[in-house]
Structures are given as structure tokens and as C-alpha cells.
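Right, one structure below, let's go through it.
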Number of protein chains: 2
Amino acid sequence: MPKKVVPETERRRRRPTRQGTVLSERLIVRTALRMLHEHGASGLTARRLGAALGADPSTLYRYFAGLDGLTRAIGEELMGRALDSWTPTGTWRADLRALGLAIHASYLAHPHAALLTASRVTGRPREIAVDETILGLLRGAGFDDADAVGVYHAFIDLALAFAALDAGALAIKDEVREADEEVWTSTYARLPAETHPHIAATAHLLAERMNLSAYPVVLDTLLGQAEARLTAAGNRGIGGQ
Amino acid sequence: MPKKVVPETERRRRRPTRQGTVLSERLIVRTALRMLHEHGASGLTARRLGAALGADPSTLYRYFAGLDGLTRAIGEELMGRALDSWTPTGTWRADLRALGLAIHASYLAHPHAALLTASRVTGRPREIAVDETILGLLRGAGFDDADAVGVYHAFIDLALAFAALDAGALAIKDEVREADEEVWTSTYARLPAETHPHIAATAHLLAERMNLSAYPVVLDTLLGQAEARLTAAGNRGIGGQ
DNA sequence: TTGTTAAGGTCTACGGCGTTGGCATAAGGA
DNA sequence: TCCTTATGCCAACGCCGTAGACCTTAACAA
């Protein structure tokens, strides 16, 4: 095994591979993302990634401590892209909404990558930047620390949870070619009304709706409750107790 | 390859394996669950499962069309257990809350299994039974079909999304031995206040809270909004438009 | 300009994986 | 009792992740 993984910042010698490519953490992560996107989760292997980069598979271990390390880097990249695509306006609720949707969208742009990474806490810089941003918005809006942390927790977990869930649906759609999606119009629509009256009665509505994400609705619900809590606290503060 | 997978219901000959075990879909699924629980996701392989059952790995393909089929059966089992552990009381909101928590808990009891299955729609009987139950509760409560389907969608996806997310945290905890959890008390707590003032100010609260699930809070938020919508619709109906 | 050093490539190999096709055998109906 | 065939086992294929030894050349000092 390569003796040690050298952090990207301390890398000095950039020897090109036999086939001429000059490697970097960034290039590897982006290539991996492309492979995930084009060929699905099973399309990303050390050997294939090596081939796509024009490098020997074992070279990857100079950059990451195993494929798990690569996975974390991919998650970091997705979170970073979400933050980059977001611009604050100064209204906390709108900003949080936009940021939530940005995270959700960033992950859904790479469903297979999202599935691999959505439940990991990496503690890497850009992920921390997102957390700091969210807490800043909440504390800036007037939430006290305990409430801010409460809303933050629900907010970030909700975004990641739905990212993972919806990514799962998308990823499967890619692979099983919409066979799963059809379950709603085939299996469910054909259930007899005697045994499943409620599904039978609502089958047409189900088929329409189940292929959309419930995330925006639930997110709005959460933010609405947070806002109500904030104004209630404000009134209590003004009115005394 | 074994020519065909015989459905459990049509299975007639129960030939014991060389080592004496009599196989069944149920036994295989439960053994797989146990292995997942005890040895993690990477501990479940066809070979090992075969060994645990006292059977040749290839025998599994007589029962499931590949490991993916086994995965779906596992998901079905988790959903079924949730439904079994739940008893309705007649109050729709309390019942939905209990059912949501039951699903969440059932999945979290087997985090590795949950991760494998939470984003799959199997269309198998017990999963359908859960859907029918939820829709029945909502329509029984007085929601019109469109609203019922809307709440149903948010409800089931929320349960599965948080099951997947929280299971991910638990599963990782098992493997990385709480290294990830420590991130909150080490990495985050040590961030300097100049660069990350908000994290620094709330670090102690974060460490406390991030290791609990946000699911109950978000679930209550969702159900509260649904109830408000229901009473609003009721008033409109009584008052005329 | 040249020599030294070690970062960062390559090569080879190991054990384990999912899955398959062929084959053996005994369960259960006739 | 015999026959059929469901259901088990065996052997093998082509992948996989990744460890360790080895080679080559970029970067730097003299």
C-alpha cells in the first residue's frame, strides 16, 4: 500500500500518469461524480475510475484512504455546490427555504452520489460552512440559541433525509427503468376496492403525486412553525414573560 | 442459474440441507436481518448467509432473484413489524403519530437493513397494508381525497426519509465506533469564534441535540398543519364556501 | 549542470464477492 | 412402486478492493 495519503495542500510533485493526465483530488472527485451520474452506483469502481483517469487503480490510494475517503470527498463536493448556487437576500425565512432547496437540488443532481453520502457527517470545511450559515441566519433572525439549534437540527436533517429518499427513487428509476414508478399505476391501481377501499378510491391521485417530492411542502411546514415560534417569543418578550 | 424462483406459497418439497436445516423465505430473511444487525452491512454476503443457514450460497437463488430480491423481502419484513407493533385507538392524529413512530422505530431497530431498504418501493403485501391503513385513517378523519393523498405522501416519505437518515447515523456509529459522533464535540467545538461565531456560540447545545432524531418534532409539525387544514375545511363546509 | 531524494506513479497478487450452469437426490403424486 | 421435478450442492467465471514491492522522474541543493 502507498505509505501515506498526502493532503492535497501539501502535494508538490505532479507527475503525469503514463497516459498523460495530471491527477488531483479535484479531478478525481469530479470524474467519480461523472461516472456515478452516467453509469450508476455500480459503475464506480477503483479499477474503472482508474481507467477513466488514465491511471492505475492503486494510484487512487495515494489520494484517498480507500474508497470510503473518496466517498466523503464526494459528499463535501455536493454540499459545496449547494452553497455556491445560493445567494442570500436578507430575509431569513426565504433564505433558509432557498438554501434547503439548493441542498436538495444539489444532491438530486447526482442521485447515486447522494445515496452514498447523504447520511455521512464529514466535518470537512464546506460542510461546516453550510452549518455556520444556517445558524447565522437563525440567530440573526432573533431566535435564541436553544431555538436556533432546534430549528437548525430539524432543517439540516430534513434536507438530507429527503435528499437521500428522493435520490433513492431517482437512482432506482435509472437502474430499473421506471419499473418501480409503474408500481403506482399498475399494482396499486389494480388493487380491488373490497380489500383496499382507500387505495382504490385515491389511486388516480396517488399515481399523480407519489412521483413528486414531498420535501417543499414539509420544509414550508417546518419554517412556518419556526416563524410562529419566533413571533410568539417576541410577543412574550415585549409583553413581559 | 436455477431456472426459476418459486414463490413461497407454491413451495411443496421441503428438502433439508446437508446440514439439516429446512429453508424458507422467512428463515432466510430473519437470518439475514440477524447478520445485518450483528455484523453490519458488509457482514451480509451470499456466502456468509449460506454458511449461517448451513446451505450452499447458490441455494439462495432458488428463493430470491439475486440479493436485490432478498433486500426487498427484508424491507417488507421491517414494514410488517411496524404494523404489527401498532394498535389503533380511534383518534386519527394520535394513531398516525404512533404509526409514524412505529415505522421509524422498526427501521432503527435494524439500521443496516433500514439503509438498504428505506428508499425502495416494494409493492409487497404488507407495505401495501400500511399504505391502506394510513389512507383509511385520513379519509376516516374527514380529509377529502386530494388532501388525504397529500398528507399521506408527506407522512410516509417523512417516516422513511428519517428512518434512512437516522439509520445511517446509527449504522456508522456501529462501524466507526462513535468517531463520527465525536465530530460534534471535537471538530465543531474547537472551531474558533472569529471564523465560525455561530457554531462557537451554540456548540454546547449542538453536541447535546445532534445525536437525537429530529423526526418526532417534524412529524408533530406535519400533523399539526394537517389538523389545522382539516378544521379550516370543516368550518368552510359548515359556513358555506 | 549534475546528483540526490522521495513523491507519486506502476505492477502483481491475494482473498472474497455475486452469480451461473450442470448435476445429484429425495419428496410426493400416480 | 415408479417417475417427475423441486430443491439442494458443486465448480467455475469474471469481477472487486486493496496491499506491497518496485520504478521513474520532479524538485531542489551544490
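Labels below follow one simple rule: chain letters A, B, ... track the order of the sequence lines, proteins then strands, and each chain is numbered from 1. Only this structure's heavy atoms are used, side chains among them; waters, hydrogens and symmetry mates stay out.
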Taking CD from B/Glu25 and C1' from D/dA6, how many angstroms apart are they, rounded to a whole number? 16 Å
If the condition is side-chain hydrogen bond (donor to acceptor under 3.5 Å, both in side chains), which residues does A/Thr202 pass it with, not counting sequence neighbours? none
For B/Tyr215, the ring-ring contact (aromatic ring centres under 6.0 Å, His included) test, sequence neighbours excluded, returns B/His104, B/Phe162
Interatomic distance where CD belongs to A/Glu8 and P belongs to C/dA7 [whole Å]: 15 Å
Mind checking whether B/Arg48 and B/Pro57 have side chains closer than 4.5 Å, heavy atoms only? no
Interatomic distance, B/Leu49 CG vs C/dG16 P [rounded to whole Å]: 17 Å
B/Leu23 side chain, from C-beta outward: closest of C/dT19, D/dG8, D/dT18: D/dG8
In whole angstroms, the gap separating P of D/dT7 from CG of B/Leu53 amounts to 16 Å
Separation of atom CG in A/Asp56 from atom C1' in C/dT12, rounded to whole Å: 10 Å
What is the separation between atom CZ on B/Phe64 and atom P on D/dT7, rounded to the nearest whole Å? 13 Å
Looking at the base of D/dC9, is there any donor atom on it, or on the side chain of B/Thr17, that sits under 3.5 Å from an acceptor on the other one? no
Between the side chains of A/Arg126 and A/Asp84, is the shortest nitrogen-to-carboxylate-oxygen separation below 4.0 Å, so that they form an ion pair? yes
Ignoring backbone atoms, test whether A/Thr45 places a side-chain nitrogen or oxygen under 4.0 Å from the OP1 or OP2 oxygen of D/dC16. yes
Both conditions, 6.0 Å and 45 degrees, for the charged tip of A/Arg11 above the ring of A/Tyr63: are they met here? yes
Ignoring hydrogens and angles, are the base of D/dG17 and the side chain of A/Arg47 linked by a donor-acceptor pair under 3.5 Å? yes
Using a cut-off of 4.0 Å between protein heavy atoms and nucleotide atoms, how would you tag nucleotides 23-30 of chain C 5' to 3' with B, S and -? -BBBBSS-
Please determine if A/Arg26 and A/Glu8 form a salt bridge, counting it only when a charged side-chain N lies under 4.0 Å from a carboxylate O. no
Looking at C/dG18, D/dC16, D/dC9, which one has an atom nearest to any side-chain atom of B/Ala55? D/dC9
Across the strands shown, which category fits B/Tyr63 at heavy-atom distances under 4.0 angstrom: base, sugar-phosphate, nothing? sugar-phosphate
Within the 4.0 Å heavy-atom criterion, would you say A/Leu60 contacts the bases, only the backbone, or no part of the nucleic acid? nothing
Between D/dA6 and B/Arg11, is there an OP1 or OP2 to side-chain N/O distance shorter than 4.0 Å? no
For D/dC9 and B/Thr59 - does any side-chain N or O of the residue sit under 4.0 Å from the phosphate oxygens OP1/OP2? yes
Nearest 0.5 Å, what's the CD1-OG1 distance between B/Ile199 and A/Thr133? 8.5 Å
Rounded interatomic separation in angstrom, taking CG from B/Leu27 and C1' from D/dG8: 15 Å
